[in-house]
Amino acid sequence: MSAAERLADRRERLISAAYTLFAQPGFHATTIERLCATARISNRAFYECFSSREDLMRAVYERCIEETLASVSEAIDTAPPTLDDRIVAGIAEYIRFVTKDVRRARLMHLEVRRAGNVLSGARQQAVASFTKVIESSARGARVPALDLHLLALGLIGAITELLIEWVMSEPSPPTEQLVETAVYIFRRTFSSDGPLAASAQ
């Protein structure tokens, strides 16, 4: 391999190791030495790939967000064109995709908070991205006399707490129950009369 290929390979190995170790035992419990041992690289090579453990954590988190956004966007784009169908498809795919791998769920909804300021900027950017997806899908719909952006933020917050419950509970609630609950919240949020009364333009 060329020098660039070797660097890319080491970077991917570190991301893979961090994906597992930052999920369990967690970001604060994982040392650079353990990351390097798991990735089978030297401590010196670590700093050729990332400036710090925090830098690696951001890379792992942002990878999770990118993959989840792509999966959710595809589900919404291929759903029937009504607001109800599109948002329900997005909610179901988000929960399905995140819970498909417990490491992803732990990183995105538990360790992101435990990491504190390390991921505050990345988390805000992720929330903004998912908010835009909801706002775009709901544009043109009749909603209560409230701010659409705040409604979208509220829906994201509700789904986040449902997934934290899924990660922390033993046993975890069925994912179908999470989807049903999130969809119920969505329908009550975007309708003043109970049933969804409008479709997107």
Side-chain angles (χ1 to χ4, degrees), residues 1-74 91 93-131 133 153 156-175 177-179 182:
M1 290 190 293
S2 67
E5 288 171 333
R6 284 196 300 272
L7 183 64
D9 177 65
R10 289 169 183 167
R11 182 181 173 86
E12 284 303 311
R13 279 192 275 159
L14 279 168
I15 289 175
S16 179
Y19 183 64
T20 295
L21 294 174
F22 285 166
Q24 188 72 24
F27 172 72
H28 290 297
T30 302
T31 63
I32 287 178
E33 289 74 18
R34 186 170 181 183
L35 285 163
C36 292
T38 302
R40 303 186 309 282
I41 67 171
S42 68
N43 286 14
R44 177 176 174 275
F46 177 93
Y47 291 101
E48 294 174 355
C49 301
F50 297 97
S51 62
S52 63
R53 196 170 52 115
E54 291 77 10
D55 188 28
L56 173 56
M57 179 61 166
R58 277 189 292 272
V60 173
Y61 177 73
E62 288 170 358
R63 175 79 61 87
C64 288
I65 294 299
E66 288 171 10
E67 292 173 349
T68 305
L69 266 172
S71 185
V72 169
S73 296
E74 182 180 0
I91 289 171
E93 181 59 18
Y94 183 90
I95 292 173
R96 184 203 67 78
F97 188 78
V98 170
T99 58
K100 188 176 180 180
D101 189 332
V102 69
R103 294 173 297 179
R104 183 185 292 116
R106 291 186 67 88
L107 284 165
M108 289 176 61
H109 295 288
L110 191 60
E111 288 304 317
V112 66
R113 296 189 174 194
R114 290 177 174 173
N117 291 335
V118 172
L119 288 179
S120 58
R123 182 177 180 275
Q124 285 181 313
Q125 187 173 357
V127 170
S129 296
F130 284 110
T131 301
V133 170
L153 281 175
I156 289 170
I159 294 173
T160 295
E161 291 302 322
L162 288 172
L163 286 165
I164 291 174
E165 179 70 12
W166 183 84
V167 169
M168 298 295 290
S169 296
E170 186 58 47
S172 300
T175 54
Q177 199 170 48
L178 299 185
V179 172

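A quick note: this is a predicted structure, and the numbers were derived from the prediction, not measured.
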> Between Tyr19 and Arg63, is there a cation-pi geometry (under 6.0 Å to ring centre, at most 45° from the normal)?
Replying inline: no
>> What's the separation between atom CD in Glu62 and atom CE in Met57, rounded to the nearest 0.5 Å?
In response: 11.0 Å
>> For Glu5 versus Ser2, what's the shortest heavy-atom pair and its separation?
In response: OE1-N, 2.9 Å
> Considering only heavy atoms from C-beta outward, does the side chain of Thr38 approach that of Glu33 to under 4.5 Å?
Replying inline: no
> What's the shortest heavy-atom distance between Leu56 and Phe46, and which atoms?
Replying inline: CD2-CE1, 3.9 Å
>> Is it the case that the side chains of Arg103 and Thr20 hold a donor-acceptor pair, with the cut-off being a distance below 3.5 Å and no angle test?
In response: yes
> Atom CD1 in Ile156, atom OG1 in Thr131: separation rounded to 0.5 Å?
Replying inline: 3.0 Å
>> Quick check for you: to the nearest 0.5 Å, what is the distance between Cys64 atom SG and Asp101 atom CG?
In response: 8.0 Å
> Would you say Glu74 has more than 12 foreign heavy atoms packed within less than 6.0 Å of its CD?
Replying inline: no
>> Taking the side chain as everything from C-beta on, heavy atoms only, tell me whether Leu107 gets closer than 4.5 Å to Phe22.
In response: yes
>> Testing the basics here: between Ala17 and Leu35, what is the closest heavy-atom pair and its distance to 0.1 Å?
In response: CB-O, 4.0 Å
>> side-chain contact (heavy atoms from CB on, under 4.5 Å), that's the test. Do Thr68 and Arg104 meet it? Break it down for me.
In response: CA-CA 9 Å; Thr68 305; Arg104 183 185 292 116; 3.9 Å; yes
> salt bridge (charged side-chain N to carboxylate O under 4.0 Å, His left out) between Arg44 and Glu48: does it pass, once the steps are laid out?
Replying inline: CA-CA 7 Å; Arg44 177 176 174 275; Glu48 294 174 355; 3.1 Å; yes
>> Determine whether Arg113 and Ile164 satisfy the following criterion, side-chain contact (heavy atoms from CB on, under 4.5 Å), listing intermediate values before the conclusion.
In response: CA-CA 11 Å; Arg113 296 189 174 194; Ile164 291 174; 3.6 Å; yes
>> Working to the nearest 0.5 angstrom, can you tell me the gap between Ile41 CD1 and Leu14 CG?
In response: 3.5 Å
>> Minimum heavy-atom separation for Ala182 and Ile159, please, with both atom names.
In response: CB-CG1, 4.0 Å
> Is there a side-chain contact between Thr175 and Arg96 (heavy atoms, below 4.5 Å)?
Replying inline: no
> Which is it for Glu67 and Lys100 under the salt bridge (charged side-chain N to carboxylate O under 4.0 Å, His left out) test, yes or no, and what are the steps along the way?
Replying inline: CA-CA 12 Å; Glu67 292 173 349; Lys100 188 176 180 180; over 6 Å; no
> OH of Tyr47 to OG of Ser42: how many Å apart, nearest 0.5 Å?
Replying inline: 11.0 Å
>> Ignoring hydrogens, what is the shortest heavy-atom contact between Arg11 and Ala59? Give both atom names and the distance.
In response: NH2-CB, 4.2 Å
>> Could you walk me through whether Ser172 and Val167 satisfy the side-chain contact (heavy atoms from CB on, under 4.5 Å) test, starting with their C-alpha distance in whole Å, then the side-chain angles of each, then the deciding distance to 0.1 Å, before giving a yes or no?
In response: CA-CA 7 Å; Ser172 300; Val167 169; over 6 Å; no
> Is there side-chain contact between Ser16 and Arg13, with heavy atoms separated by less than 4.5 Å?
Replying inline: no
Identify each donor-acceptor pair in which a side-chain atom of residues 114-130 lies under 3.5 Å from a protein atom, sequence neighbours left out, and give them as a table.
unit_1, atom_1, unit_2, atom_2, d
Arg114, NH1, Glu111, OE2, 3.2
Ser120, OG, Asn117, O, 3.2
Ser129, OG, Gln125, O, 3.1

> What residues form a side-chain hydrogen bond (donor to acceptor under 3.5 Å, both in side chains) with Arg106, not counting sequence neighbours?
Replying inline: Gln24
> Which atoms form the tightest heavy-atom contact between Arg53 and His28, and what is the distance?
Replying inline: NH1-CA, 3.7 Å
> Passes side-chain contact (heavy atoms from CB on, under 4.5 Å), Val102 versus Trp166? Steps please.
Replying inline: CA-CA 9 Å; Val102 69; Trp166 183 84; 4.0 Å; yes
